[in-house]
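The structure displayed is predicted, hence computed values, not measured ones.
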Amino acid sequence: LIIFQNNGNYNLFSKLLSSYPRCSCTNSILYWWNNWNSISNQNLIVIFLYIAVFILGSLWGSFSNVCIYRLPLGGNVVTNRSKCKNCKKLIQWFDNIPFISYFILKGKCRKCGSRIEFQYFIVELITALGFVIAFYIFGISITTLLFFILITFFVIIYFIDFHHFI
């Protein structure tokens, strides 16, 4: 398609955007579109690392939710499967994907339709963002790994204390 071809002088997308009144949003999109092929491999690796750290943080946030719910009740956090608090049915693996499952299920149990607490989403988000911030500040290092552990423990401790006032 000629619309998406960037051959130097003729770029229809750029011409279409330039015909609209200029604003910061239009300028940003135009700049990105004209320079998309100038992103170096090093920048792509950095972007991939941040995405991977965010995913890792959301996975640990999901595990933190398990700990927040089961530890005060004396439950096992490793071997037992997740269940709906209302209908007690096992939650399938594809309904346990951080963020995505919450949006697909619209915050409700697939089996009984009862509401899933928004806290699950918040814990995953806080942990994922904490991981990204630690990675941004310390890069790839042992310090980052230690902060990942510290963030996870602090989130677990905070939410357990929030619910049970220990």
Side-chain angles (χ1 to χ4, degrees), residues 23-86 88-110 114-166:
C23 67
S24 60
C25 178
T26 307
N27 286 335
S28 299
I29 294 170
L30 194 58
Y31 176 80
W32 176 83
W33 184 260
N34 287 330
N35 295 308
W36 71 272
N37 58 352
S38 66
I39 296 176
S40 68
N41 288 339
Q42 184 178 4
N43 289 342
L44 287 175
I45 291 171
V46 169
I47 291 169
F48 173 75
L49 281 173
Y50 278 105
I51 291 170
V53 167
F54 185 84
I55 292 170
L56 180 69
S58 67
L59 292 172
W60 278 103
S62 182
F63 177 73
S64 297
N65 277 319
V66 172
C67 294
I68 291 165
Y69 179 69
R70 294 185 191 169
L71 286 177
L73 301 175
N76 190 339
V77 296
V78 179
T79 58
N80 293 347
R81 300 260 321 266
S82 297
K83 299 175 192 166
C84 173
K85 289 182 183 181
N86 187 40
K88 307 296 184 211
K89 301 259 172 128
L90 290 178
I91 298 174
Q92 300 296 320
W93 67 267
F94 49 83
D95 289 337
N96 256 341
I97 301 170
F99 301 119
I100 297 169
S101 295
Y102 191 85
F103 286 120
I104 290 174
L105 297 173
K106 297 176 184 157
K108 296 181 181 178
C109 173
R110 184 182 297 271
S114 66
R115 300 270 320 143
I116 299 171
E117 292 179 33
F118 191 64
Q119 171 199 314
Y120 290 101
F121 179 81
I122 293 297
V123 167
E124 291 168 3
L125 183 64
I126 289 171
T127 309
L129 291 177
F131 274 41
V132 169
I133 291 169
F135 181 73
Y136 176 76
I137 294 171
F138 299 107
I140 300 174
S141 67
I142 297 296
T143 306
T144 305
L145 179 63
L146 294 175
F147 267 99
F148 287 175
I149 296 167
L150 189 66
I151 289 165
T152 304
F153 282 144
F154 278 166
V155 167
I156 292 169
I157 291 167
Y158 173 79
F159 279 95
I160 289 175
D161 188 45
F162 182 75
H163 283 290
H164 299 282
F165 303 107
I166 298 173

Report task. Working to the nearest 0.5 Å, report the span between OH of Tyr120 and CD1 of Ile68. Result -> 8.5 Å

Requested in this report: Return yes when atom NZ of Lys85 has more than 12 non-hydrogen atoms of other residues, nucleotides or ligands closer than 6.0 Å, and no otherwise.
Outcome: yes

Query - Ring centre gap for Phe147 and Phe138 strictly below 6.0 Å - result: yes

Report task. Please work out whether the ring planes of Tyr158 and Phe162 are parallel, tilted or perpendicular, with thresholds of 30° and 60°. Result -> parallel

**Report entry** Gap separating the CG atom of Leu150 from the OG1 atom of Thr144, nearest 0.5 angstrom
**Finding:** 12.5 Å

Requested in this report: Could you grab the distance from atom CD1 of Ile116 to atom CG of Leu105, nearest 0.5 Å is fine?
Outcome: 5.5 Å

**Report entry** Rounded distance [0.5 Å steps], OG in Ser64 versus CZ in Phe154
**Finding:** 13.0 Å

Report task. Over all heavy atoms of both residues, which pair between Arg81 and Leu90 is shortest? Give the atoms and the distance, please. Result -> CB-CD2, 3.6 Å

Report task. State whether the side chain of Arg110 and the backbone N or O of Gln92 hold a donor-acceptor pair below 3.5 Å, judged by distance alone. Result -> no

Requested in this report: Compare all side-chain heavy atoms of Lys108 with those of Cys84 and state whether any distance is below 4.5 angstrom.
Outcome: no

Query raised in the report: Mind checking whether His163 and Gln119 have side chains closer than 4.5 Å, heavy atoms only?
Result: yes

Query raised in the report: Do Ile126 and Phe159 touch side chain to side chain, with heavy atoms closer than 4.5 Å?
Result: yes

Query raised in the report: Where do Val123 and Gly61 come nearest, in terms of heavy atoms and distance?
Result: CG1-O, 3.5 Å

Query raised in the report: Can you check whether Ser101 reaches Asn96 side chain to side chain, under 4.5 Å on heavy atoms?
Result: no

Query raised in the report: Does the pair Cys109 and Lys83 meet the rule for a side chain to side chain contact (heavy atoms under 4.5 Å, CB included), with working shown?
Result: CA-CA 10 Å; Cys109 173; Lys83 299 175 192 166; over 6 Å; no

Query raised in the report: Does some side-chain heavy atom of Glu117 sit less than 4.5 Å from a side-chain heavy atom of Tyr69?
Result: no

Query raised in the report: Between Ala134 and Ile151, what is the shortest heavy-atom contact and its length?
Result: CB-CD1, 4.1 Å

Query raised in the report: Angle class for the Phe148/Phe131 ring planes (parallel below 30°, perpendicular above 60°, tilted otherwise)?
Result: parallel

Query raised in the report: Of Phe99, Phe135, Phe48, Trp60, which meets ring pair (Phe, Tyr, Trp, His ring centres under 6.0 Å) against Phe54?
Result: Phe99

Query raised in the report: Under 3.5 Å, side chain of Thr127 to main-chain N/O of Glu124, donor-acceptor pair present?
Result: no

Requested in this report: Mind checking the CG-CD1 spacing from Leu145 to Ile140? Nearest 0.5 Å is all I need.
Outcome: 12.0 Å

Query raised in the report: Any idea which heavy atoms bring Ala128 and Ser58 closest together, and the distance?
Result: CB-N, 3.6 Å

Query raised in the report: What do you reckon, are the aromatic ring centroids of Phe121 and Phe118 less than 6.0 Å apart?
Result: yes

Report task. Give, for atom CG of Asn65 and atom CD1 of Ile156, the distance between the pair rounded to the nearest 0.5 Å. Result -> 9.0 Å

Report task. Locate the shortest heavy-atom distance separating Asn76 from Val78; write the atom from each residue and the value. Result -> OD1-N, 2.9 Å

